[in-house]
Amino acid sequence: MIETIKRLVYQAAETVRETSQFSLDRMPEFSIEQPRGTEHGDFSTNAALVLAKKLKIQPFLAASALVENLQKSENIFNKIEIVKPGFINFFLSDHFIQESLRKMSSKKNVSVEPLSSFSIEGSFDEKQDSLSQHKKKFLLEFVSANPTGPLNVVNARAAAVGDTLARLIEASGHTADREFYVNDEGSQIEHLAYSLQSRYLQLLGSEPPKGYKAHGIFWVPADWSLETAEDLYQGEYLKGMAEQIRNGFEKNDSKDELSIFKNLGTSIYGRKIFSFERIALLKNGFGDKLLELIPNEKERIKFLSCTAVIYNVSLQKEVLKRFRLEFQNWFFQSQLGEKVTQTIDHLKEKGHLYEQDGAVWFKSTAFHDDKDRVLIRQDGSPTYFATDIAYHAYKKERGYDKLIDFLGPDHHGYIARTKAAVQALGYPPDSIEIYLIQLVTLLSGGKPVRMSKRAGEFITITELLDDVGVDAARWYFLARHRDTHLDFDLDLAKLQSEENPLYYTQYAYARISSLIRMAEEQGIAIPSRKAVDLTPLQNEAEKSLIKKMAQYPSIIQMASSLREPHHLPRYAVELARTFHSFYTECRILGIPGRKLTDARLFLVFVCKEVLGSVLGLMGIEAVEKM
RNA sequence: GGGCCCGUAGCUCAAUGGAUAGAGCAGCUGCCUUCUAAGCAGCGGGCUGGAGGUUCGAUUCCUCUCGGGCCCGCCA
């Protein structure tokens, strides 16, 4: 419906270009909107206003030119008017609205054509044919939490936003892979292993073993160099892990947790990382013999790192699955291997590096970064940033056209330097997009819950899901713009759960489902798309519902291209409201006239499809009964 | 000192440069002997933090300013 109107406007603009004195090479982007009241028509466009700006002419003049060249098919328009500055308002015929409904249902799953980049040369249809060439491969990286513990609420927000954006991008005709980057190397992982070992040692006795010293609440090797215990992980979950190392992983759970170490370990690292004996020990427990069985401190820490990483990742995977999110790829930093030095060499060849103070620097200021960045430290080891560049290089080498990263707000400094790196590698600036997802402040009892992984104080995603459920969690995260701080009031989320917009939307779906069930009981089937007579649909409630559904493709297109999933819940509520209003006013069953019943039944059936599709994009369950 | 994000109804938040700035919650008034009242219809509620600028038009873009949050390592 909107596409049709938009196409006609484009065609009108083309005619204007061909026949008028205006020198116009490209029709600027414009929008088709649904005005609030009916006095401004069923739909309106600002096309003439943006055109006027481009041509530097009076808006009203541009509007007149467009309207004169608009095909005023009576099958489509009852009336077209030009108003005040230069809005063009379309009043649609009943026939056009009714037939739009028929078209909507013809699409298997509602998808849309990108309308954003049309030049005025070439007709709409030609552009549409070349759509397949515009199909792009997206790679979305998000969550990417360190494998040092359970996922928290901020990760959950990223999970919801990233997943739904991926679905949106797919719905708008591209492909999108989701990727989780696991930082399984570096000092933080080492600290994790030391923290774990310390918890294990604490299980064994009250005094530190020989060669260890007290370090805060931890016991660390006497020659350990770290200055403060703050660098160690204090979370309670490490105690549980330590116990499992002592008692065996299998015993703790009915599931065979051991397969994690065999299967996940192998799939992560592509090779066996634990010997048969080690796996058996993980299974049955080390008892109090860990230090004897792996006497070499360095080897033991490496072993504990791997164990902790694999275990944490497997738990993260599990909870994300519960959150209805599955990543196509889990990419581990340790998989980069030679890639890091290769990438650095590549940058060196291109002349983007220099040496200073015994370190190797990337001249990122050449690409709009604030200052240059170290890639190789004085001690010869690569920085985190260096591995990150290698990782992004590898992403591009895998053939993705567009990389999208979601970062936490504390990483905003990485936006400029990462973009700089991608450009330095020779890729166009628009091949990478990096967005921040702002913090989530959990409110409990009206007071913020402070979250710090190392202090061990945080609400895990599991606790959140236990508390409010997957649907409510996803809805809350998606409903807000990713750029704004989110106050997630746990009490409120629970208390209001009965009058949540989520339930309002699901209720609309359930009502339709119930209706269709009842119709079937009465032997009334959903009429076929081809045969149904839609002419009985004439009152405002019916037409409003059709028009609201007609907006769906442009909502997807907008949310997808802006990378802003929060438009979906808003639209879902609007659609549900329009439906509820229609439902109250129009009876479907038990009315005289089978034709009206059929037409309305078809209407709600399509509405159910659209509602189901919106909820599906949000990863929220569409319930048949409430 | 520098950078990023946010200031919109009592509360939580929308509004891809567009018409009278909108929803939900909270408050008030009506509506269930017929398809789910977890619903509908209606009312009240705003100097969009403030001051300039850009233009046909600014919540949106630019400058300044006030308030809140986050960051600024050869940690990851």
Side-chain angles (χ1 to χ4, degrees), chain A residues 29 31 33 35-37 39-40 44-46 49-50 52-53 58-60 83-87 89 116 146 148 183 185-189 191 231 333 357-361 370-371 373-379 381-388 408-416 436 438-439 441 476 479-481 483-489 492 495-504 506-508 510-519 522 554 557-559 561-562 564 566-567 569-570 573-574 576-577 579-591 597 600 604 625-626:
Chain A
E29 285 188 35
S31 62
E33 289 176 350
R36 256 175 300 117
E39 69 272 21
H40 291 312
S44 69
T45 182
N46 63 348
L49 294 164
V50 295
K53 183 138 193 142
Q58 292 298 316
F60 204 87
V83 175
K84 276 186 278 182
F87 287 102
N89 296 335
S116 50
N146 284 337
T148 51
N183 220 251
E185 287 182 335
S187 60
Q188 294 212 3
I189 296 303
H191 295 170
D231 286 316
Q333 183 183 329
D357 304 329
V360 176
W361 296 71
D370 298 337
K371 55 182 184 181
R373 311 288 172 176
V374 171
L375 294 191
I376 301 179
R377 303 185 184 96
Q378 281 182 339
D379 68 4
S381 63
T383 59
Y384 169 80
F385 181 47
T387 59
D388 207 37
D410 49 331
H411 286 69
H412 84 258
Y414 270 82
I415 296 178
L436 299 179
Q438 289 292 336
L439 290 175
T441 308
Y476 265 74
R480 275 140 190 85
H481 189 110
D483 253 4
T484 64
H485 299 241
L486 167 56
D487 284 331
F488 199 115
D489 191 321
L492 209 64
L495 279 174
Q496 287 190 343
S497 64
E498 292 292 304
E499 298 175 7
N500 209 298
L502 162 67
Y503 295 93
Y504 181 85
Q506 286 180 322
Y507 183 52
R511 270 183 149 178
I512 298 175
S513 305
S514 167
L515 198 54
I516 289 173
R517 278 196 302 272
M518 193 157 293
Q522 296 175 18
S554 31
Q557 184 53 40
M558 173 177 68
S561 60
L562 295 173
E564 291 177 357
H566 72 272
H567 295 288
R570 196 147 288 275
V573 168
E574 283 175 20
R577 182 172 49 246
F579 166 77
H580 284 308
S581 182
F582 154 81
Y583 181 88
T584 307
E585 187 170 337
C586 301
R587 281 194 64 79
I588 289 94
L589 302 175
I591 48 170
T597 290
R600 284 178 175 171
V604 297
K625 282 183 184 173
M626 283 177 78

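Chain A is the first sequence line, chain B the second, and so forth, proteins listed ahead of strands; every chain is numbered from 1.
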Atom CD of A:Gln522: over 12 foreign heavy atoms under 6.0 Å: yes
Pairwise P distance for B:rG52 and B:rU60, with rounding to whole Å: 14 Å
Spacing between A:Ile189 atom CD1 and B:rC75 atom C1', to the nearest angstrom: 12 Å
Distance in angstrom units between A:Asp388 CG and B:rC75 C1', rounded: 14 Å
Watson-Crick or G-U wobble partner of B:rC61, both distances under 3.5 Å: B:rG53
Sugar-phosphate only, base, or nothing, as touched by A:Phe60 at under 4.0 Å among non-hydrogen atoms: nothing
Between B:rC75 and B:rU59 - P atom distance, rounded Å: 47 Å
Distance test, side-chain N/O of A:Thr584 to OP1/OP2 of B:rC40, below 4.0 Å: no
Nearest-nucleotide pick for A:Met558, side chain only, options being B:rC35, B:rU16, B:rA19: B:rU16
Distance in angstrom units between A:Arg480 CZ and B:rA14 P, rounded: 7 Å
N/O (side chain, A:Arg577) to phosphate O (OP1/OP2, B:rC40) under 4.0 Å: no
Which nucleotide in B:rC56, B:rG18, B:rA19 has an atom nearest any side-chain atom of A:Ser44: B:rA19
Check: A:Tyr414 and A:Tyr384 side chains under 4.5 Å, non-hydrogen atoms: yes
Nucleotide paired to B:rA26 in any strand shown, Watson-Crick or G-U, under 3.5 Å: none
Rounded distance in Å - CD (A:Gln378) to C1' (B:rC74): 7 Å
Side-chain N,O (A:Arg570) to OP1/OP2 (B:rU16) below 4.0 Å: no
Phosphate OP1/OP2 of B:rA15 contacted by A:His566 side-chain N/O (<4.0 Å): yes
Among B:rC74, B:rA76, B:rC35, the nucleotide that comes nearest once only the side chain of A:Arg587 is considered: B:rC35
Integer angstrom distance from the C1' of B:rU48 to that of B:rU34: 47 Å
Heavy-atom side-chain proximity of A:Asn183 to A:Ile189 below 4.5 angstrom: no
pi-stack flag for A:Tyr504 and B:rA38, centroid dist under 5.5 Å, interplanar under 30°: no
Nearest-angstrom distance, C1' atom, B:rG7 to B:rA14: 15 Å
Span that lies between the P atom of B:rG50 and that of B:rG42, in whole angstrom: 31 Å
Minimum-distance nucleotide to A:Arg517 side chain [options: B:rC74, B:rU36, B:rA76]: B:rU36
Touch class at under 4.0 angstrom, heavy-atom based, for A:Gln438 against every strand present: sugar-phosphate
Atom-pair distance (CZ on A:Arg600; P on B:rU34), nearest Å: 18 Å
Separation of the C1' atoms in B:rU54 and B:rA38, to the nearest angstrom: 49 Å
Phosphate contact (B:rA14 OP1 or OP2) by A:Thr484 side-chain N/O below 4.0 Å: yes
Flag, side chain of A:Thr441 to backbone of A:Asp487, donor-acceptor distance under 3.5 Å: no
Distance between P atoms of B:rU63 and B:rA21 (Å, rounded): 27 Å
Interatomic distance, A:Arg373 CZ vs B:rC71 P [rounded to whole Å]: 16 Å
A:Tyr503 side-chain N/O to B:rC25 phosphate OP1/OP2 under 4.0 Å: no
Which atom of A:Ile591 lies closest to which atom of A:Arg600, heavy atoms considered: CD1-NH1, 4.0 Å
Donor-acceptor pair present, A:Tyr507 side chain and B:rA37 base, under 3.5 Å: no
Partner nucleotide of B:rC4 by Watson-Crick or wobble geometry (both distances under 3.5 Å): B:rG69
Side-chain N or O of A:Arg511 closer than 4.0 Å to phosphate OP1/OP2 of B:rA38: no
Closest to side chain of A:Tyr384, choosing from B:rG18, B:rA41, B:rA76: B:rA76
5'-most by nearest nucleotide on RNA chain B - A:Val50 or A:Phe385: A:Val50
Below 4.0 Å: OP1/OP2 of B:rA76 and any side-chain N or O of A:Thr383: no
Touch class at under 4.0 angstrom, heavy-atom based, for A:Leu436 against every strand present: sugar-phosphate
Touch class at under 4.0 angstrom, heavy-atom based, for A:Met626 against every strand present: base
Value in whole Å for how far the P atom of B:rG7 lies from NE2 of A:His485: 9 Å
Residue mapping more 5' on RNA chain B - nearest nucleotide basis, A:Gly590 or A:Asp357: A:Gly590
Touch class at under 4.0 angstrom, heavy-atom based, for A:Leu515 against every strand present: base
Sugar-phosphate, base or nothing in reach of A:Asp483, heavy atoms under 4.0 Å: sugar-phosphate
Pair A:Phe579 + A:Tyr583: ring centers closer than 6.0 Å: yes
Heavy-atom side-chain proximity of A:Thr45 to A:Phe87 below 4.5 angstrom: no
Opposite nucleotide pairing with B:rG39, Watson-Crick or G-U, both atom distances under 3.5 Å: B:rC31
Residue A:His567, side-chain heavy atoms: nucleotide from B:rA76, B:rG57, B:rU16 that is nearest: B:rU16
